[in-house]
Amino acid sequence: MGLAMSDCCGGKSHSQQTVQVGGIFDLIDHHGIPVTDRSYRGKFMLLFFGFTHCRAVCPAALSRLSRVIDRLGPLAAKLRPLYVTVDPERDTPAVMRAFLEDKFPHFTGLTGSRDNIEHVTGLYRVFARRAADPDDVAGYQMPHTAFTYLVGPDGKYIAHFTDANDEDELVDRIGRHIRVHPPLAK
């Protein structure tokens with residue numbers, strides 16, 4: 001399933017293009033274990049892209065998503081929350097683990113080579129670019145797309161959410177998708 005993106009303003013056009021979102025990836029989790037998209041089959045993947053040195057957007061998004069996961073109750077057992085770095089040079093497995101385990105324990109951090117990260121950000125149409133930041137110790141930040149993606153147990157894109165989706169809406173929409181999505185055949 002892809003995002004239907006109109007080729008004309010207002011969503012009214014004679015043709016529709018389908019943009020595919022998601023796909024095959026090879027990364028490393030925050031325990032140093034190689035993983036692929038297939039590692040998460042059978043569960044819904046909830047993906048958020050960011051970086052551990054982010055001062056505002058990422059911590060706020062991860063906090064909000066953590067509250068959503070808590071509010072989903074037993075449905076949350078069907079989710080696999082993943083935090084994919086856009087800054088693999090700084091976000092090693094150990095850095096990701098230290099960042100997530102205490103503050104955001106629902107999430108598994110994913111990192112990898114620059115090429116692998118660029119591949120997965122391309123699959124999810126995530127913009128991320130290094131930008132100078134004199135207030136950062138390393139001298140840069142990584143402005144990026146702040147969408148959250150929901151992928152089904154079959155590995156297919158279901159939906160994405162922006163910061164404009166409030167917590168109640170996320171609980172409702174994610175919960176609805178989990179309840180209505182058929183389980184994988186064994």
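Just so it is clear, the model here is predicted, and its values are computed rather than measured.
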Kindly state each residue pair satisfying ring pair (Phe, Tyr, Trp, His ring centres under 6.0 Å) with at least one member in [range], sequence neighbours excluded.
{"range": "residues 81-103", "answer": "Tyr83-Phe99, Phe99-Phe104"}
{"range": "residues 60-79", "answer": "none"}
{"range": "residues 54-75", "answer": "none"}

Sub-4.5 Å side-chain heavy-atom contact between [X] and [Y]:
{"X": "Thr85", "Y": "Leu110", "answer": "no"}
{"X": "Tyr157", "Y": "Tyr149", "answer": "yes"}
{"X": "Arg173", "Y": "Asn165", "answer": "yes"}

Quick one: list whatever passes side-chain hydrogen bond (donor to acceptor under 3.5 Å, both in side chains) with [X], sequence neighbours left out.
{"X": "Arg71", "result": "Glu167, Asp168"}
{"X": "Asp29", "result": "none"}
{"X": "Asp172", "result": "Arg176"}
{"X": "Thr52", "result": "Asp91"}

**Item:** Nearest non-hydrogen partners of Leu27 and Val120, listed with the distance
**Value:**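 Closest pair (atom of Leu27, atom of Val120, distance): CD1-CG1, 4.2 Å.
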**Asked** For the atom pair NE2 (His160) and OH (Tyr124), what is the distance rounded to the nearest 0.5 Å?
**Response** 13.0 Å
**Message:** Quick check for you: to the nearest 0.5 Å, what is the distance between Leu79 atom CG and Leu75 atom CG?
**Reply:** 8.0 Å
**Asked** Can you name the salt bridge (Lys or Arg N to Asp or Glu O under 4.0 Å) partners of Arg38, sequence neighbours left out?
**Response**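 Partners of Arg38 by the salt bridge (Lys or Arg N to Asp or Glu O under 4.0 Å) criterion come out as none, since no residue qualifies.
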**Request:** Please identify each residue that fulfils ring pair (Phe, Tyr, Trp, His ring centres under 6.0 Å) with Phe44, with sequence neighbours left out.
**Result:**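 Residues passing ring pair (Phe, Tyr, Trp, His ring centres under 6.0 Å) with Phe44: His181.
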**Item:** Which residues share a ring pair (Phe, Tyr, Trp, His ring centres under 6.0 Å) with Tyr40, sequence neighbours left out
**Value:**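 Tyr40: no ring pair (Phe, Tyr, Trp, His ring centres under 6.0 Å) contacts found.
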**Message:** Strictly by side-chain hydrogen bond (donor to acceptor under 3.5 Å, both in side chains), give each pair with a member in residues 95-110 just once, sequence neighbours left out.
**Reply:**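 Sorted pair list: Asp70-His106, Arg80-Thr108.
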**Message:** I'd like to know if Val35 and Ile117 are part of one continuous hydrophobic network [Ile/Leu/Val/Met/Phe/Trp/Tyr, side-chain heavy atoms within less than 4.5 Å].
**Reply:**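 Linked, Ile117 and Val35 end up in one cluster.
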**Request:** Report the C-alpha distance between His30 and Thr92 in whole Å, list the side-chain angles of each, state the deciding distance to 0.1 Å, and finish with yes or no for side-chain contact (heavy atoms from CB on, under 4.5 Å).
**Result:** CA-CA 8 Å; His30 69 233; Thr92 64; over 6 Å; no
**Prompt:** Taking only residues two or more places apart in sequence or in another chain, which ones pass side-chain contact (heavy atoms from CB on, under 4.5 Å) with Ala61?
**Reply:**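 side-chain contact (heavy atoms from CB on, under 4.5 Å) check on Ala61 returns Phe48.
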**Item:** Ion pair Arg64/Asp163, N-O distance below 4.0 Å
**Value:** yes
